[in-house]
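Written out below as structure tokens is the structure these notes cover.
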Amino acid sequence: MGTRIVFHIDFDYFYAQCEEIRNPDLKDKPVCVCVFSDRGGDSGAIATANYNARKFGVKSGLPISFAKSRLDDQKDAVFLPVDFDYYMDISDKAMEIMKSKSDIFEYVGKDEAYLDVSKRVNFDWNKAKELAQEIKIEIKEKLNLTCSIGISPNKLISKIASDFQKPDGLTIVYPEKVNEFLDPLKIREIPGIGNKTEEKLSEMNFSTIKDLKELDVFALNKEFGRKSGTYIYNAVRGIDNSPVKTREPNTQFSKIMTMKMDSTDFDFILSNLSELCKEVHQVVLNKNQMFKSIGIHLIQSDLSNKTKSKTIKNPTSSLEELEKNVEQLLREALEDQKLPIRRVGVKVSDLSDLREQSSLTNYF
DNA sequence: GACTAGTGTCGAC
DNA sequence: TTACGGTCGACACTAGTC
């Protein structure tokens with residue numbers, strides 16, 4: 001038995017590619033898939049842009065108005081609202097194909113998954129490569145969708161590898177080539193290292209993964225905390241022992257929205273939160289869950305965050321109890337409120353199975 | 001010291 | 001340089017309790 005063989009598969013510019021599949025005329029144009037907020041106009045952000053749009057610096061997370069100004073000269077640029085149901089449909093079908101070709105399948109999100117294929121290919125890297133090509137072809141033929149695949153001995157490296165050649169890429173990092181592959185990459189390529197961490201490290205004059213190997217685990221722990229420090233120490237050395245495993249159920253559900261206008265008015269904010277309570281409650285009901293922890297999330301006009309949460313005595317699935325607690329949390333949060341509120345959210349966590357409870361009550 | 005609760009930050013997509 | 005979504009998970013830090 002050799003090392004594990006792990007795939008990371010990522011659908012290219014997923015939402016925008018879905019739109020291209022539905023309407024092939026879009027392929028030559030810059031396409032931006034947008035999450036418009038309730039505020040009207042161009043309030044909102046870019047979810048995904050195709051490569052024609054990325055050429056002009058448009059990428060996910062960008063405010064829509066910013067994207068529009070960057071594409072000002074591109075008269076054929078297209079801005080479409082997200083259509084999650086349609087994307088989910090394509091995603092589900094592609095996931096089924098991947099699942100059927102793996103020993104262990106781990107769903108990560110609508111557009112990515114890990115596959116452990118070690119046994120299926122008998123720990124043979126050539127067979128693994130053939131399997132990956134087979135998956136790419138089948139997804140392309142059945143759904144007209146392209147994806148990028150990274151293959152390596154673990155999830156961490158496979159994830160980095162799937163991003164290495166995009167779109168429609170296939171990158172294999174053999175066990176003996178791990179360091180050669182990682183060393184020249186920017187620190188930012190390590191999943192989990194985002195803006196803040198990169199900035200901190202760049203101030204310390206570290207730029208590539210090879211550079212970072214100079215730091216011992218104690219220095220990293222001191223700078224980033226025990227968990228993150230140790231994670232980074234291992235990651236730059238290509239070490240990741242986390243298994244590919246079936247996805248665990250969610251541990252929280254939340255809904256967030258941008259209000260029609262910024263406000264400090266208790267009743268106005270509460271009416272928005274109340275709508276969110278109903279939506280969250282519906283989700284919880286569909287999933288047959290109860291919750292024990294309730295939280296609200298306020299985003300102020302300067303985009304800073306304020307959260308309040310509480311744990312209640314007994315798990316519940318009651319909408320009334322949810323709304324009552326949210327109201328109280330809002331009251332506490334608005335004491336001494338200076339800035340107007342822009343966005344509001346409701347979250348429930350500490351979930352437990354409702355069926356256990358009902359089967360008990362049925363029993364008596 | 002171990003544990004829980006609550007708040008805030010970071011990061012991924 | 002301004003502009004600014006929605007969901008989820010991990011974890012650091014702090015305060016309080018036992």
Side-chain angles (χ1 to χ4, degrees), chain A residues 8 10-16 32-39 41-49 57-70 72 81-82 84 87 91 107-114 155-156 159-160 162-163 188-200 221-232 235 242 247-259 262 276 279-280 283 292-313 325 329 332-333 342-351:
Chain A
H8 180 258
D10 193 312
F11 308 148
D12 303 317
Y13 61 103
F14 183 53
Y15 297 169
C32 303
V33 178
C34 309
V35 182
F36 291 99
S37 81
D38 264 7
R39 204 160 271 214
D42 289 334
S43 172
I46 303 296
T48 319
V58 175
K59 52 181 182 180
S60 13
L62 221 59
I64 295 166
S65 52
F66 195 176
K68 284 200 172 170
S69 77
R70 288 202 172 179
D72 218 13
V82 283
F84 287 118
Y87 311 145
S91 171
Y107 176 92
V108 184
K110 286 183 200 54
D111 69 340
E112 59 174 315
Y114 291 104
K155 295 203 307 188
L156 170 77
K159 171 127 179 121
I160 299 173
S162 70
D163 202 45
R188 185 58 188 271
E189 298 285 324
I190 298 171
I193 295 193
N195 237 326
K196 299 282 178 179
T197 314
E198 183 186 36
E199 231 169 75
K200 227 170 179 180
N221 286 356
K222 193 174 170 213
E223 196 65 36
F224 300 103
R226 190 175 55 87
K227 289 272 193 178
S228 308
T230 306
Y231 167 76
I232 295 172
S242 62
R247 183 184 158 90
E248 305 282 347
N250 286 7
T251 61
Q252 56 169 257
F253 296 106
S254 66
K255 290 280 175 190
I256 190 167
M257 65 173 300
T258 304
M259 297 191 294
D262 293 9
L276 296 176
E279 292 177 30
V280 171
V283 174
K292 198 153 112 48
S293 190
I294 297 171
I296 63 170
H297 184 177
L298 307 178
I299 294 139
Q300 313 183 95
S301 56
D302 68 348
L303 300 184
S304 63
N305 297 293
K306 204 168 175 180
T307 60
K308 285 266 172 218
S309 63
K310 67 181 292 190
T311 304
I312 55 181
K313 285 243 157 41
N325 281 287
L329 289 168
E332 288 165 20
R342 178 185 178 87
R343 304 167 65 202
V344 294
V346 172
K347 175 181 87 172
V348 299
S349 51
D350 243 312
L351 303 173

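Lettering follows sequence order; numbering is per chain, from 1. Side chains included, hydrogens not; waters and symmetry mates left out as well; all remaining heavy atoms used.
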> What string of B, S and - do you get for nucleotides 3-13 of chain B 5' to 3' if you count protein non-hydrogen atoms under 4.0 Å?
Replying inline: --SSSS-SSSS
> Partners of Glu332(A) by side chain to side chain donor-acceptor pair (under 3.5 Å), sequence neighbours excluded?
Replying inline: Gln328(A)
> Contact class for Thr258(A) (heavy atom, under 4.0 Å): base, sugar-phosphate, or nothing?
Replying inline: sugar-phosphate
> Residues in side-chain contact (heavy atoms from CB on, under 4.5 Å) with Val35(A), at least two apart?
Replying inline: Ala47(A), Val82(A)
> Considering residues at least two apart in sequence or located in another chain, which fulfil the side-chain contact (heavy atoms from CB on, under 4.5 Å) criterion with Lys227(A)?
Replying inline: none
>> Any base atoms under 4.0 Å from Arg226(A), or only sugar-phosphate, or nothing? Heavy atoms, all strands.
In response: sugar-phosphate
> If each of Ser228(A) and Ser43(A) is mapped to the nucleotide of DNA chain C with the nearest heavy atom, which maps nearer the 5' terminus, i.e. the 5' end?
Replying inline: Ser43(A)
> What pairs with Asp163(A) under side chain to side chain donor-acceptor pair (under 3.5 Å), at least two apart in sequence or on another chain?
Replying inline: none
>> So, using side-chain contact (heavy atoms from CB on, under 4.5 Å) as the criterion, who are the partners of Thr307(A) when residues are at least two apart?
In response: His297(A)
> Thr258(A): what forms a side-chain contact (heavy atoms from CB on, under 4.5 Å) with it, not counting sequence neighbours?
Replying inline: Ser37(A), Arg39(A), Arg342(A), Arg343(A)
> chain A on DNA chain C: first and last contacting nucleotide, 5' to 3', under 4.0 Å to a heavy atom?
Replying inline: dA3(C) to dA12(C)
>> Using a 4.0 Å cut-off on heavy atoms, which residues in residues 247-255 of chain A reach DNA chain B? List them by number, or say none.
In response: none
> Residues two or more places apart in sequence or in another chain: which of them pass side chain to side chain donor-acceptor pair (under 3.5 Å) with Lys68(A)?
Replying inline: Asp42(A)
> Do the side chain of Asp111(A) and the main chain of Asp12(A) share a donor and acceptor less than 3.5 angstrom apart?
Replying inline: no
> Sequence neighbours excluded, which residues qualify as salt bridge (Lys or Arg N to Asp or Glu O under 4.0 Å) partners of Lys255(A)?
Replying inline: none
>> Work out how far the P atom of dA12(B) is from that of dC4(C), and round it to whole angstrom.
In response: 24 Å
> Does Asn250(A) have any side chain to side chain donor-acceptor pair (under 3.5 Å) partners at least two apart in sequence or in another chain, and if so, which?
Replying inline: Arg247(A)
